[in-house]
Every structure is written in structure tokens, then in C-alpha cells.
**Q** 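If you scroll down you'll find the structure; I have some questions about it.
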Amino acid sequence: MPSADEILQKMRALQERREEAAGPLVEILAKRSKLLEQLAELDEPYAKAYVDAEAAGWAAEDLAKLGAEEPARRPRRRSRSSAKKVGGQSSTATPEGSSPAGTIPSQDGAASADSTSPA
């Protein structure tokens, strides 16, 4: 029967071979992790560029032919409440003295409030 020292030597030799075999894997895992982080950093600007291309008239099918895949996540849209405010008022505010109702189309088919001719 082997002594405790012989068993420990065999165990150390086995562990050393295992560590040597894992070395290249660990190096590749570290490189892979860095590349995945870089790719994740590009997700948001890619999605924005894709949406901008669609808004400029590119069809998803045409973009696919160019090799541009549809982004996994579309960029977030700002909510109306987070619109920029200028001088304490919303940037979409109407000038003083004018009514915003004149720019809103009627829902019942009647002419707008600014219209002077009968419908």
C-alpha cells in the first residue's frame, strides 16, 4: 500500500497537469470576456443607427441585404414628461397670445378653431 507521501505526490502531479491544461482556456476566457464587453458597449449605438437608417427610408429587408441585423433591443424613446424645458416651459409650447387649439385637428370632422370658412 502506498504511503501518505506517495499519495500526496501523485495528487500534486495530477493537479499540476490539470492546471497546465486549464491555462490556455483561462487566457481565452479572459480575452473572450473583454470582447463581449466591447460588443455590449456597441449595442445601444448600433440600435440607434439602425433606427435612424429606417427613419431615413431604408427597409429592414434592404438593411438585412447589407448585413445589418435588426437590433435585439430598440433604443429607448424619451417620454413626453422628460422633454427638454426652455425657460421653465416645455420646448413645444406655443407662443404667447396664440391658442394651441388652432393646431389640433377636430375629431368630429369640423373645421379647426382657426378656420374662417364654413366646412
Side-chain angles (χ1 to χ4, degrees):
M1 181 166 226
S3 69
D5 287 335
E6 291 172 339
I7 293 172
L8 285 174
Q9 275 184 325
K10 288 181 181 180
M11 181 195 69
R12 288 184 187 124
L14 177 62
Q15 186 65 24
E16 188 176 307
R17 284 193 299 267
R18 293 171 71 190
E19 286 179 18
E20 287 173 9
L25 176 63
V26 170
E27 289 177 21
I28 292 171
L29 281 172
K31 289 178 185 177
R32 185 176 187 268
S33 177
K34 287 179 185 177
L35 289 172
L36 288 172
E37 286 175 14
Q38 290 174 352
L39 182 61
E41 290 172 3
L42 292 175
D43 283 345
E44 186 176 339
Y46 176 79
K48 182 183 181 324
Y50 188 95
V51 168
D52 289 347
E54 283 183 318
W58 284 91
E61 296 81 24
D62 293 332
L63 291 171
K65 289 176 185 175
L66 296 174
E69 298 175 3
E70 188 168 348
R73 289 191 210 167
R74 298 251 174 189
R76 293 183 184 176
R77 293 183 181 169
R78 284 195 290 175
S79 66
R80 291 177 186 235
S81 63
S82 67
K84 290 183 181 178
K85 296 199 174 197
V86 180
Q89 294 180 343
S90 174
S91 61
T92 58
T94 57
E96 283 187 39
S98 68
S99 170
T103 60
I104 301 172
S106 173
Q107 293 183 355
D108 62 1
S112 68
D114 287 348
S115 176
T116 55
S117 62

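The basis for the numbers below is simple: all heavy atoms, side chains too, and nothing from hydrogens, waters or symmetry mates.
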**Q** I'd like to check the salt bridge (charged side-chain N to carboxylate O under 4.0 Å, His left out) partners of D52; sequence neighbours left out, ordered by chain and number.
**A** K48

**Q** In chain order, what residues pass the side-chain hydrogen bond (donor to acceptor under 3.5 Å, both in side chains) check against K10, with sequence neighbours excluded?
**A** none

**Q** If hydrophobic residues (ILVMFWY) are linked whenever their side-chain heavy atoms come closer than 4.5 Å, directly or via other members, who joins M11 in its cluster?
**A** L8

**Q** Roughly how far, to the nearest 0.5 Å, is CG of L35 from CD1 of I28?
**A** 11.5 Å

**Q** For E44, check salt bridge (charged side-chain N to carboxylate O under 4.0 Å, His left out) against everything at least two apart and list the hits.
**A** none

**Q** Restricting to pairs with a member in residues 12-24, which pass salt bridge (Lys or Arg N to Asp or Glu O under 4.0 Å), not counting sequence neighbours?
**A** none

**Q** Let me check something: do L36 and Y46 share a hydrophobic cluster, defined by ILVMFWY side-chain heavy atoms less than 4.5 Å apart, either directly or through other members?
**A** no

**Q** Looking at every heavy atom in both Y50 and A68, which two are closest together, and how far apart are they?
**A** CE1-O, 3.9 Å

**Q** So for atom CD, which belongs to E69, do other residues, nucleotides or ligands contribute more than 12 heavy atoms lying within a distance under 6.0 Å?
**A** no

**Q** Can you list everything that forms a side-chain contact (heavy atoms from CB on, under 4.5 Å) with A53? Sequence neighbours excluded, please.
**A** W58, L63

**Q** Out of curiosity, I7 CD1 to M1 CE, how far, rounded to the nearest 0.5 Å?
**A** 6.5 Å

